Amino acid sequence: QVELVESGGGLVQFGGSLRLSCAASGFTLADYAIGWFRRAPGKEREGVSCLKRDGSSHYADFAKGRFTISRDNVQSRVYLEMNNLKPEDTAGYYCATGDPSVFTCSVVDGDYYGLRYWGQGALVTVSS
């Protein structure tokens with residue numbers, strides 16, 4: 001049974017940093033692409049970063065230069081290091097993945113294709 005559990009959210013001041021962690025179980029993390037997503041109050045969900053099986057990654061424009069995605073396949077964890085946080089980064093942050101034959105971090109019609117498994121989310125609040 002696939003399970004994703006996020007942690008590390010909290011309240012941080014403008015310009016501060018946080019590291020989110022996603023504990024993955026029920027599958028071999030190294031065999032899966034996995035991503036971080038967020039949903040701000042009153043807004044649509046958006047992709048933050050996605051990490052492919054081969055280790056390559058891509059980022060949303062707002063995340064480039066500030067956020068870093070990484071994984072530890074031994075610990076079966078995925079991380080999102082967030083620096084220089086801004087109030088507009090306030091959102092629920094979710095890690096998500098899908099079956100390896102379907103979810104490859106590809107974007108179709110503006111959304112990631114093949115997502116199937118989601119964590120419960122970690123709330124990040126950035127104060128101004």
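These figures come from a predicted structure and were not determined experimentally. Hydrogens, waters and symmetry mates play no part in the numbers below; they use all other heavy atoms, side chains included.
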For this session: Determine, using the 4.5 Å side-chain heavy-atom cutoff (strictly less than), whether F14 and L85 are members of one ILVMFWY cluster.
Result: no
For this session: Using atom types as modelled and distance alone, determine if a side-chain donor or acceptor of E6 lies under 3.5 Å from a backbone N or O of C95.
Result: yes
Problem set entry | Proximity of W118 and F37 rings by center, below 6.0 Å | yes
For this session: Identify the heavy atoms of S21 and Y79 that sit nearest to each other, and give their distance.
Result: OG-CE2, 3.6 Å
Seminar exercise, completed: On a heavy-atom basis, the closest approach of C105 and A33 is SG-CB, 3.9 Å
Exercise. Quick check: does any side chain N or O of R53 sit under 3.5 Å from a backbone N or O of D31, one acting as donor and the other as acceptor?
Worked result: yes
Exercise. When you check the gap from the basic side-chain N to the acidic O, do K64 and D61 get nearer than 4.0 Å?
Worked result: yes
Exercise. Out of curiosity, S106 OG to D111 CG, how far, rounded to the nearest 0.5 Å?
Worked result: 12.0 Å
Problem set entry | Lys/Arg-Asp/Glu bridge criterion (N-O < 4.0 Å) met for R38, E46 | yes
For this session: Can you measure from CE (M82) to OG (S17) and round to the nearest 0.5 angstrom?
Result: 9.0 Å
Problem set entry | Minimum heavy-atom distance between S49 and L80, given as atom pair plus value | CB-CD1, 4.5 Å
For this session: Is it possible for you to say whether F62 and I69 belong to one hydrophobic cluster, with membership spreading through side-chain heavy-atom contacts below 4.5 Å?
Result: yes
For this session: Answer with yes or no whether the hydrophobic clustering places V108 together with L115; edges join I, L, V, M, F, W, Y residues whose side-chain heavy atoms lie under 4.5 Å apart.
Result: no
Exercise. Between H58 and Y112, how do the two ring planes meet: parallel, tilted or perpendicular, split at 30° and 60°?
Worked result: parallel
Problem set entry | Point-to-point distance, once rounded to the nearest 0.5 Å, from CG of L4 to SG of C22 | 4.5 Å
For this session: Work out which heavy atom in R66 is nearest to a heavy atom in K86; give both atom names and the distance.
Result: NH1-CG, 3.9 Å
Exercise. Any luck finding a side-chain donor-acceptor pair between D99 and S101 under 3.5 Å?
Worked result: no
For this session: First locate atom NZ of K52, then atom CD1 of I34, and finally report the distance between them rounded to the nearest 0.5 Å.
Result: 15.5 Å
Seminar exercise, completed: Heavy-atom closest pair (A122 atom, L20 atom, distance to 0.1 Å) is CB-CD2, 4.4 Å
For this session: Mind running side-chain contact (heavy atoms from CB on, under 4.5 Å) on V48 and Y59 for me, showing each step along the way?
Result: CA-CA 6 Å; V48 177; Y59 297 87; 5.8 Å; no
Exercise. Do the side chain of T90 and the main chain of P87 share a donor and acceptor less than 3.5 angstrom apart?
Worked result: yes
Exercise. Within a radius of less than 6.0 Å around CD of E81, do more than 12 heavy atoms belonging to other residues, nucleotides or ligands occur?
Worked result: yes
Exercise. Of all heavy-atom pairs between Y113 and F103, which one has the smallest distance, and what is that distance?
Worked result: O-CD1, 3.2 Å
Problem set entry | Interatomic spacing from CH2 in W36 to OH in Y93 - rounded to 0.5 Å | 10.0 Å
Exercise. Taking a hydrophobic cluster as the set of Ile, Leu, Val, Met, Phe, Trp and Tyr residues connected by side-chain heavy atoms closer than 4.5 Å, whether directly or through intermediates, do V5 and F27 fall within one such cluster?
Worked result: no
Exercise. So how far is it from T97 OG1 to L29 CG, rounded to the nearest 0.5 Å?
Worked result: 8.0 Å
Exercise. For the hydrophobic clusters of this structure (ILVMFWY residues joined by side-chain heavy atoms under 4.5 Å, transitively), does one cluster hold both Y117 and V78?
Worked result: yes
